[in-house]
A.B. asks: 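Just passing along the structure, written as structure tokens.
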Amino acid sequence: MLVFGGTGDLALHKLLPALYHLHREHRLPKTMRIIGISRKLLARQHYIALAERHCRAQIEKKDFDDNTWFSFSKRLDYLAIDAAQAADFNRLTEFLKHSPEHAYIHYLATAPHLFASIASNLAINGLAGPHTRIVVEKPIGHSLDSALSINAAIGTAFAEEQVFRIDHYLGKETVQNLMALRFANALFEPVWRSAHIDHIQISVNETIGVENRGAYYDAAGAMRDMLQNHLLQLLCLIAMEAPVRFDADSVRNEKVKVLQALKPICGLDVQDKTVRGQYTAGHVGGHNAPAYYFEKGVNSDSDTETFVAMEVEVDNWRWSGVPFYLRTGKRLAKKTSEIAIQFKPVPHSLFNDSQANLLLIRLQPEERISLELMAKVPGKGMHLEPVNLDINLAEFFQDSRRWKAYERLLLDVIENDSTLFMRRDEVEAAWRWVDPILKGWQQHYQRPRPYPAGSNGPEQAHSLLEKHNRAWLD
Ligand SMILES: NC(=O)C1=CN([C@@H]2O[C@H](COP(=O)(O)OP(=O)(O)OC[C@H]3O[C@@H](n4cnc5c(N)ncnc54)[C@H](OP(=O)(O)O)[C@@H]3O)[C@@H](O)[C@H]2O)C=CC1
Ligand SMILES: O=C1O[C@H](COP(=O)(O)O)[C@@H](O)[C@H](O)[C@H]1O
């Protein structure tokens, strides 16, 4: 596995720890080597020391031991090249003692503007043959046009079945559980539609700021960093029809149909249907947090949104009239990722205090599925209260280690299973819907609304629901 961007944040914090876990559980092919690549000049032993420092910090103490690290480190190597320079790839092929029978996984953990040149440099140097796979990180591009040109460049060098477009949310256990919940239980299908569902909320709230990724984030913002990919993927899994089989093409065909059914939000609609926010100074988890525009790498007069909320419609038979409210932001009060399915009230109420049912699927911090039902309070009279049918998945499956998303997805790449990866048309359909919103913001909604770090986001995000007599489930 060649990790382009091997000294970067993603490689050191997520990919190498995930590979360590797979190695520890004997899931990696015996002869597999892992080669970090970036421009920084580093000797192999210094790269190993860097990797060890980060793995020790990321991996739980009970899972990290010196013997396993020693055997894992034998797989690691490092090469300094500039991956944008075609000439440097000669050194790569020499380093690999390249032969056409070698199988390679090229993991592009670099900024997206390098994807096209890396893909074509690999092809020119014979490193894109049938035994190779390429993994590309989100966001793929910055807009529909850039995504089209990146996909075209990758498509010239690699066949679609060699390309793994990763979205780590699809590697999360509870996200995959959404499919189990919907398609392995007959109970939900009859009510999973506009006749019974009032609205759906998808929230991915973070307490962290931009950390050491200010320069990247300032050019991206919450829409490109989170909503265009992670939140739309969650929406697809909630809204899609049952695939014919659980295989890559069947699942992805159904997701594309949802993306194509998203009602466009264009021009002045953005003022009504979307809310952009940017955090100002505040307190998160008892600590002072600086305003976004004081973060390292961020422009001091930045217009980038660190929060976005919107009302989305899926224009098809099943979802007609059911709003999907999407929300994500940094430096919010609490870290939670959850999906709430709010059912409609009973058609004819016999009791004064009856409330509509709620199905809550929580991805983070704990993995939980809970169904709120109405029950009678014991004693005289007929008083009702909501009670929860509640499953904590980690507690229930306590004998199985909870895999991190990247472990699952890296193993899928190694085993050539692309079910949980995005196909080219899927990424492009997502951008096709997002692009007019970004353009609408440029023309009609340049300045994001301020919200204090540690709050629940800008006031306007609440009005988005309040005007329809609804509220975010905080
Ligand atoms: N960090 C995260 O948690 C996540 C990141 N991503 C995506 O992953 C990708 C990487 O992100 P991240 O790790 O945060 O970024 P970083 O900026 O931390 O890392 C970028 C890496 O690319 C290397 N690099 C830059 N230019 C070149 C070049 N010309 N040739 C070879 N190597 C180069 C850098 O090393 P050097 O400068 O020494 O060359 C560095 O190792 C991005 O596309 C991002 O959107 C996606 C999800 C989460
Ligand atoms: O892709 C990204 O995801 C993380 C949030 O991931 P999670 O697994 O911790 O929920 C986000 O912080 C980052 O900005 C974004 O690039």
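Whatever order the structure lists ligands and atoms in, that order sets their numbers, starting from 1. This is a predicted model, so every value here is computed, not measured.
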A.B. asks: If only side-chain N and O atoms count, and only distance matters, is there a donor-acceptor pair under 3.5 Å linking Tyr451 with Thr306?
C.D. replies: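 Indeed, the side chains of Thr306 and Tyr451 share at least one donor-acceptor pair under 3.5 Å.
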
A.B. asks: Can you find an N or O of Tyr217 that's nearer than 3.5 Å to an N or O of ligand 2?
C.D. replies: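 No.
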
A.B. asks: Under a 3.5 Å distance rule, please check whether Glu305 uses its side chain to pair with a backbone N or O of Ala222 as donor and acceptor.
C.D. replies: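 Judged by distance alone, yes, a pair lies under 3.5 Å.
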
A.B. asks: Looking only at protein heavy atoms, identify the closest one to atom 21 (C) of ligand 1 and say how far it is in Å.
C.D. replies: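 Closest protein heavy atom to atom 21 (C) of ligand 1: Gly5 CA, 3.5 Å.
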
A.B. asks: Taking all non-hydrogen atoms of both residues into account, name the closest pair between Leu22 and Leu410 and its distance.
C.D. replies: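 For Leu22 and Leu410, the tightest heavy-atom pair comes out as CD1-CB, 4.0 Å.
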
A.B. asks: N/O of His168 under 3.5 Å from N/O of ligand 1, yes or no?
C.D. replies: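 No, there is no polar N/O contact under 3.5 Å.
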
A.B. asks: With heavy-atom distances below 4.5 Å as the criterion, would you say the side chains of Ile154 and Ile140 are in contact?
C.D. replies: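 No, too far: nothing below the 4.5 Å cut-off.
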
A.B. asks: Taking only heavy atoms of Lys335, which atoms of ligand 2 are found under 4.0 Å from at least one of them?
C.D. replies: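 With Lys335 as reference, the close atoms of ligand 2 come out as 9 (O), 10 (O).
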
A.B. asks: With a 4.0 Å cut-off on heavy atoms, does Lys138 reach ligand 2?
C.D. replies: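 A heavy atom of Lys138 does come that close to ligand 2.
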
A.B. asks: Going by atom types only, do Gln162 and Thr132 share a side-chain donor-acceptor pair under 3.5 Å?
C.D. replies: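 Yes.
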
A.B. asks: Any Lys/Arg nitrogen of Glu254 or Lys257 sitting under 4.0 Å from an Asp/Glu carboxylate oxygen of the other?
C.D. replies: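 A salt bridge links Glu254 with Lys257.
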
A.B. asks: Under 4.0 Å from ligand 1, counting heavy atoms only, is it the side chain of Tyr216, its backbone, both or neither?
C.D. replies: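 Under 4.0 Å from ligand 1, Tyr216 contributes side-chain atoms alone.
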
A.B. asks: Would you please say whether a donor-acceptor pair under 3.5 Å links the side chains of Tyr47 and Thr7?
C.D. replies: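 There is no such pair between these side chains.
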
A.B. asks: For ligand 1, which atoms sit closer than 4.0 Å to a heavy atom of Pro112?
C.D. replies: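 Those qualifying, in numeric order: 43 (O).
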
A.B. asks: What protein heavy atom lies closest to atom 20 (C) of ligand 1? Include the residue and the distance to one decimal.
C.D. replies: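 Going by distance alone, atom 20 (C) of ligand 1 is nearest to Ala109 O, 4.1 Å.
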
A.B. asks: As an exercise, identify every atom of ligand 2 less than 4.0 angstrom from a heavy atom of Lys330.
C.D. replies: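 By the 4.0 Å cutoff, the relevant atoms are 11 (C), 12 (O), 13 (C), 14 (O).
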
A.B. asks: List the closest protein heavy-atom neighbour of atom 41 (O) of ligand 1: residue, atom name, distance to the nearest 0.1 Å.
C.D. replies: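 Among all protein heavy atoms, the one nearest atom 41 (O) of ligand 1 is Thr7 OG1, 2.7 Å.
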
A.B. asks: Around atom 4 (C) of ligand 2, find the nearest protein heavy atom and jot down its residue, atom name and distance.
C.D. replies: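 Going atom by atom, the protein heavy atom closest to atom 4 (C) of ligand 2 ends up being Glu206 OE1, 4.0 Å.
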
A.B. asks: Go through ligand 1 atom by atom and flag the ones less than 4.0 Å from a non-hydrogen atom of Asp82.
C.D. replies: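 It comes down to these atoms of ligand 1: 28 (C), 29 (N), 30 (N).
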
A.B. asks: Please report which non-hydrogen protein atom sits nearest to atom 7 (C) of ligand 1, along with the residue it belongs to and the distance in Å to one decimal place.
C.D. replies: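 Its nearest protein heavy-atom neighbour is Lys138 O, 3.5 Å.
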
A.B. asks: Here's a test for you: under side chain to side chain contact (heavy atoms under 4.5 Å, CB included), which of Leu227, Ile265, Val308 qualifies with Ile437?
C.D. replies: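 So, applying the side chain to side chain contact (heavy atoms under 4.5 Å, CB included) to Ile437 and each of Leu227, Ile265, Val308, only Ile265 qualifies.
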
A.B. asks: With a heavy-atom distance limit of 4.0 Å, tell me whether Ile81 approaches ligand 1 through its side chain, its backbone, both, or neither.
C.D. replies: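 The backbone, only.
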
A.B. asks: Evaluate side-chain contact (heavy atoms from CB on, under 4.5 Å) for Trp319 paired with Ile200, printing each intermediate quantity in order.
C.D. replies: CA-CA 10 Å; Trp319 296 113; Ile200 292 173; 3.8 Å; yes

A.B. asks: Tell me: protein heavy atom nearest atom 9 (C) of ligand 1, and distance?
C.D. replies: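 Nearest protein contact, heavy atoms only, for atom 9 (C) of ligand 1 is Thr110 O, 3.3 Å.
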
A.B. asks: State, to 0.1 Å, how close Phe158 and Leu122 come at their nearest heavy-atom pair, and which atoms those are.
C.D. replies: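 Phe158 and Leu122 have their closest heavy atoms at CZ-CD1, 4.1 Å.
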
A.B. asks: Could you tell me, atom by atom, which parts of ligand 2 come under 4.0 Å of a heavy atom of Asp225?
C.D. replies: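 What qualifies from ligand 2 is 13 (C), 14 (O), 15 (C), 16 (O).
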
A.B. asks: On the 0 to 90° scale, with breaks at 30° and 60°, tag the His168-Tyr406 ring pair as parallel, tilted or perpendicular.
C.D. replies: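 Geometry flag for Tyr406 against His168: parallel rings.
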
A.B. asks: Considering only the protein, which heavy-atom contact is closest to atom 6 (O) of ligand 2, and what is its distance?
C.D. replies: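 Here the nearest protein heavy atom works out to His168 NE2, 3.2 Å.
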
A.B. asks: Under 3.5 Å, N or O to N or O, is Arg213 touching ligand 2 that way?
C.D. replies: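 Right, the criterion is met.
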
A.B. asks: Could you tell me the residue and atom name of the protein heavy atom closest to atom 1 (N) of ligand 1, and the distance to it rounded to 0.1 Å?
C.D. replies: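 I find the closest protein heavy atom is Asp9 OD1, 2.8 Å.
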
A.B. asks: Rounded to the nearest 0.5 Å, what separates atom CD in Gln460 from atom CZ in Arg449?
C.D. replies: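 CZ of Arg449 is found 4.5 Å from CD of Gln460.
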
A.B. asks: Number the atoms of ligand 1 from 1 as they appear, then name those within less than 4.0 Å of a heavy atom of Pro139, with their elements.
C.D. replies: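 That gives atoms 45 (O) of ligand 1.
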
A.B. asks: Considering only non-hydrogen protein atoms, determine which one is nearest to atom 32 (N) of ligand 1 and report residue, atom name and distance to 0.1 Å.
C.D. replies: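 For atom 32 (N) of ligand 1, the nearest protein heavy atom is Ser38 CA, 3.4 Å.
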
A.B. asks: Just let me know how Arg213 lines up against ligand 1, side chain, backbone, both or neither, with a heavy-atom cut-off below 4.0 Å.
C.D. replies: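 For Arg213, only side-chain atoms sit under 4.0 Å from ligand 1.
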
A.B. asks: Are the side chains of Leu92 and Leu2 in contact, using a 4.5 Å heavy-atom criterion?
C.D. replies: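 When only atoms from C-beta onward are counted, Leu92 and Leu2 do touch, with a gap below 4.5 Å.
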
A.B. asks: Quick one: nearest non-hydrogen protein atom to atom 25 (C) of ligand 1, plus distance?
C.D. replies: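 The closest one turns out to be Arg39 NH2, 3.6 Å.
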
A.B. asks: Looking at Lys62 and Glu60, is any side-chain nitrogen of the basic one under 4.0 Å from a carboxylate oxygen of the acidic one?
C.D. replies: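 A salt bridge links Glu60 with Lys62.
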
A.B. asks: Looking at Glu25 and Arg401, is there a salt bridge between them, counting it only when a charged N and a carboxylate O are closer than 4.0 Å?
C.D. replies: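 Yes.
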
A.B. asks: Just by distance, with hydrogens left out, do Asp435 and Ser143 show a side-chain donor and acceptor under 3.5 Å apart?
C.D. replies: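 No, no side-chain donor-acceptor pair sits under 3.5 Å.
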
A.B. asks: Lys172 heavy atoms, cut-off 4.0 Å: which ligand 2 atoms fall inside?
C.D. replies: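 Close to Lys172: 7 (P), 8 (O), 10 (O).
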
A.B. asks: Out of Arg224, Glu137, Lys14, whose heavy atom is nearest to atom 47 (C) of ligand 1?
C.D. replies: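 Result: the heavy atom closest to atom 47 (C) of ligand 1 is in Glu137.
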
A.B. asks: Near Lys40, which atoms of ligand 1 are under 4.0 Å from a heavy atom of that residue?
C.D. replies: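 Selected atoms, number and element: 38 (O).
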
A.B. asks: Going by the angle between their ring planes, with limits at 30° and 60°, are Phe164 and Phe421 parallel, tilted or perpendicular?
C.D. replies: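 If you compare the ring of Phe164 with that of Phe421, the planes turn out perpendicular.
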
A.B. asks: My understanding is that we take every heavy atom of each candidate and find the minimum distance to atom 19 (O) of ligand 1. Doing that for Ala83, Ala84, Gly8, Ala11, which one comes out nearest?
C.D. replies: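 When every heavy atom of Ala83, Ala84, Gly8, Ala11 is considered, Gly8 comes closest to atom 19 (O) of ligand 1.
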
A.B. asks: Are any of the N/O atoms in Leu10 less than 3.5 Å from those in ligand 1?
C.D. replies: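 Yes; at least one N/O pair falls below 3.5 Å.
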
A.B. asks: In terms of atom number and element, which parts of ligand 2 are under 4.0 angstrom from non-hydrogen atoms of Met226?
C.D. replies: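 By the 4.0 Å cutoff, the relevant atoms are 2 (C), 3 (O), 11 (C), 15 (C).
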
A.B. asks: Are side-chain N/O atoms of Arg408 and Gln176 paired as donor and acceptor at under 3.5 Å?
C.D. replies: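 Yes.
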
A.B. asks: When only distance counts, is Ser337 in polar contact with ligand 2, meaning an N/O pair under 3.5 Å?
C.D. replies: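 It does not: no N or O of Ser337 is found under 3.5 Å from an N or O of ligand 2.
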
A.B. asks: Ignoring hydrogens and angles, tell me if any N or O in the side chain of Arg331 forms a donor-acceptor pair with the backbone of Tyr292 under 3.5 Å.
C.D. replies: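 No; zero donor-acceptor contacts below 3.5 Å.
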
A.B. asks: Answer yes if a protein heavy atom lies under 4.0 Å from atom 43 (O) of ligand 1, otherwise answer no.
C.D. replies: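 Yes, at least one protein heavy atom sits under 4.0 Å from atom 43 (O) of ligand 1.
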
A.B. asks: Is there a heavy atom of Ile208 sitting under 4.0 angstrom from any atom of ligand 2?
C.D. replies: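 The answer is yes, since Ile208 has a heavy atom less than 4.0 Å from ligand 2.
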
A.B. asks: Please confirm whether Tyr169 approaches ligand 2 to less than 4.0 Å, judged on its heavy atoms.
C.D. replies: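 Yes, that is the case, since the closest heavy atom of the residue is under 4.0 Å from the ligand.
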
A.B. asks: Using a 4.0 Å cutoff against the non-hydrogen atoms of Gln364, which atoms of ligand 2 qualify?
C.D. replies: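 Per the distance check, 7 (P), 8 (O), 10 (O).
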
A.B. asks: Are Tyr104 and His98 an aromatic pair, judged by ring center distance below 6.0 Å?
C.D. replies: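 Yes, ring centres under 6.0 Å apart.
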
A.B. asks: Just heavy atoms, cut-off under 4.0 Å: does Glu211 contact ligand 2 by side chain, backbone, both, or neither?
C.D. replies: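 Contact part for Glu211 vs ligand 2: neither.
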
